[in-house]
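As structure tokens, the structure follows; a few thoughts come after it.
Reminder, nothing fancy here: chain letters follow the sequence lines and each chain counts from 1.
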Amino acid sequence: MGKYVLRRLLQMVPVLIGTTFLIYVMVFALGDPTAGRCGERPCPANYVAKFKADYNLDEPLLVQYALYMGDVLRGDLGTNFFGNSVSEELIARWPTTAKLASIALVFEVVIGVSAGVLAGIRRGRFMDHLVTVSTLFVISIPVFVIGSVLQLVFGVRLGIFPVTATQGTWSQLILPGFVLGSISIAYVSRLTRTSLVENLRADYVRTAKAKGLKPSRAVGVHTLRNSLIPVVTFIGADFGGLLGGAIVTERIFNVNGVGGFLYRSIQQKDGVSVVGTVVCLVVVYLVVNLIVDLFYGVLDPRITHD
Amino acid sequence: MRGRTRAMAAAAFTSIALVATACGGGGTPSTSNSTGGQAGAEITIRGCTPTAPLIPGNTTEVCGGNVIDAMAAKLVHYDPKTAAPTNDIAESIESNDNQNFTVKLKPGYKFHDGTQVKAKNFVDAWNWVAYAPNGQANSYFFAPIAGYGDVQCPDEECKQKPKAEKMSGLKVVDDTTFTIKTTEPVSNLPLRLGYTAFAPLPDSFFADPKAFEDKPIGAGPFQLQSKTTTEIVLTKFADYAGEFKPNVDKVTFRIYTDDAAAYADLVSGQLDFTDHIPTDQLVGEAYKNDLPDRNSITEGGRFTYLTFSPNDPQLKNNVALRKALSRAIDRDLIAKQIFNGTVIPATGWVSPSVDGYKPDTCGESCKFDAAAAKQAFEAAGGYDGTLTMTYNADTAGNKEYSEAVCNSIKNAVGVNCVASPVVDFATYNKKLDDNSLKGLLRTGWQMDYPSIENFLTPIYAKGADSNYSHYDNPEFTKLINQAAAAKTTDAANVLYQQAEALLARDMPTAPLWYPSTVSGWSEKVTDVTVTAFGTLDLIGIKTK
């Protein structure tokens, strides 16, 4: 397995170089970042000159990229166009984003898998229909509507949850976490249900039941574990997405996380921040996927990585 | 199998740890250095992320500007309601010829680091900001001072050093006196000195500008307590010597990326002030139900206007056509329907909030009259082909009002008018600069200091940076030069008003409206004033 992990880690290198280069080119092709920085008027020439010199913008694109990657390899993500260190900006935001994504993940796994199992073992009955209809309902509503409505009802009107999560404490992040996880809850429960229903028909489940195992054990241990492989794949990919893609939720609840930072940086053409953030997100995504692949072996002993 | 599970878990955790180190996870923000323990009135207001280090000479936008403004004392302080200048650090600013000024300082002002505010803190700061290799965005404010040209780079890229490091027009006489010499007479120079770019900088700044960026120091009524990615906290500066002392002890700028989130916090009492009411609340003035008697609409020194492209031969040489098009725009209707009453239809080229404003200079050219416009349009020879109105699409609302302006013209005079987007302001600015666009151009202005002059000289003087209409009228130039040399402000204003009247005659641009700031506040605060700059007056605000 060590070899497998090593091979996967080595594969990450070209992926990382390729993605950063593409992002770098795209971001800096967006146009002159100084042109809109002085309000409704052009910036003074000396300001533009210093800005370009400070950020190597006067070099050819390939040279710029090489200089930038040189810094990244030395562990320096550079200074963004606001004069702040990108690493520090990310340090300040990762914990919040990780908390938010973890809360969303907990909701996803606990509610999603339970609902999926209940629907699966009561196939065709009321519970099954309830889960199908309610998940369809959630999937069809855009996340900003869910977020805004829950914020208005539970935050502003009822006062049960904090309205926004500026400081990013656990209690503030419960509601945003739920909103962020809501759509995935629906997908997880549907995936679990389908996979479970299919496996319940399998021979080994029939055998387990025939040899007198309690239904709870037959379902809980023998069936569910095998049924979780597609679910884990989904959750893994989703977790990577949650870390970087919580843009809408972060905006609604003013969560000071990586998604919001990325969004703001793109809007303000802060190329250095965008590339730095994306580099980190790519690494996270690759690693999460590796972990998911390693997890298959735990769930299904037939899958090995030797 | 158990063993392998653990090995895999260990591998997984190591991987996570690696990512965390690569991206710098696990640390805490280092910029926070809160001291805590402040008693007394505290308020929390909406803030946004500053897009440049907090140096007075480099901050051009409101996010950082509001913070710096609260921390910096200037020579002159603008009245929050009327924008009239009164002396703050300055004891007196005197001149016999509007060209040689003697500035005397009040003794006793201190920076937040405890050092005295001396004349050299002004002179050094201004020289530093104006010196081209320092690349400060506000350097152009110092252009009127003698010797400004010598501290500029001889080449565009600034590869060669300027001739001098200091402007010859600034001289320190003693600790509390310095003199300013300008290249041309500038009658409103004292008024300009209230802008943040003219704030003094402490000696420690010049020793280490980088350290200053992390903890900016001014001589104003508030000092920085902490600065993180989520909030900027200012506390009252006990040693502030001026007369503009705040009523609150602590102001927290809580940073929001979304107006709706700030509004939700305001309505539920978690925030005390916001100057950004989200659009959905503006529709039908819904916010007035949530915030009865706790809202205001203030015109804030901004101006939106239409520039007739100097690159469009049909528009360039036809004043009558330009006037007819201006008359075909129903400003009142657009203000009501597109902006929900948050803009004030313009009747001239100067904002009503500044010294020297004269109402209704535009006359009938700014009054909508479809029939008269059509008649004038045809008499002027009409417009062949499709008229375009170009706007930058990255600012919310530009599309809607550009289309509305076009529709209004189309319906009134029958010319085909199309609103045409440019992807963002950066690209748009570039196109304005190379004069490659035709037709009507969306343009805007935000004043630097509250004077009629600031709405005329930078936009219509020959060769001025923002003269996108390429307006060039010797009569106009003569009037603004005379005004700049006038003995008194009133005499100057009369001349500026005459210059503005020429704009009504020549119509290089068409006034549209004055955008205003719509603000709301919580039940906790009173005496809320939104200044002529569209910002909250932090000195006057009180808690109940």
Can you tell me if [X] and [Y] form a side-chain donor-acceptor pair at under 3.5 Å?
X: Thr166(A); Y: Thr230(B); value: no
X: Thr509(B); Y: Tyr468(B); value: no
X: Asn398(B); Y: Asn392(B); value: yes

Enumerate, atom names and distances included, each donor-acceptor pair closer than 3.5 Å involving a side-chain atom of residues 256-264 of chain A, sequence neighbours excluded.
residue, atom, partner, partner atom, Å
Asn256(A), ND2, Thr229(B), OG1, 2.8
Tyr263(A), OH, Gln267(A), NE2, 3.4
Arg264(A), NH1, Thr49(B), OG1, 2.8

Please state whether the side chain, the backbone, both or neither of [X] comes within less than 4.5 Å of a heavy atom of chain A.
X: Ile459(B); result: neither
X: Asp448(B); result: side chain
X: Lys159(B); result: side chain
X: Gln136(B); result: backbone

Report, by ascending residue number, the residues of residues 143-158 of chain A in heavy-atom contact with chain B at a distance under 4.5 Å; give 'none' if the set is empty.
Gln151(A), Val156(A)
Using side-chain heavy atoms (C-beta onward) and a distance below 4.5 Å, is [X] in contact with [Y]?
X: Ser466(B); Y: Tyr460(B); value: no
X: Tyr263(B); Y: Asp265(B); value: no
X: Ser273(A); Y: Glu89(A); value: no

For chain B, which candidate among Val163(A), Asn254(A), Asp54(A) shows the most heavy-atom pairs at distances under 4.5 Å?
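That would be Asn254(A).
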Should the pair Tyr47(A) and Phe51(A) be assigned to parallel (<30°), tilted (30 to 60°) or perpendicular (>60°) ring geometry?
tilted
Between Asp272(B) and Arg46(B), does at least one N-O distance fall below 4.0 Å, as a salt bridge requires?
no
Sort out for me which of Ser268(B), Ala261(B), Ala137(B) touches chain A most, counting heavy-atom pairs under 4.5 Å.
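Most pairs with chain A among the choices: Ala137(B).
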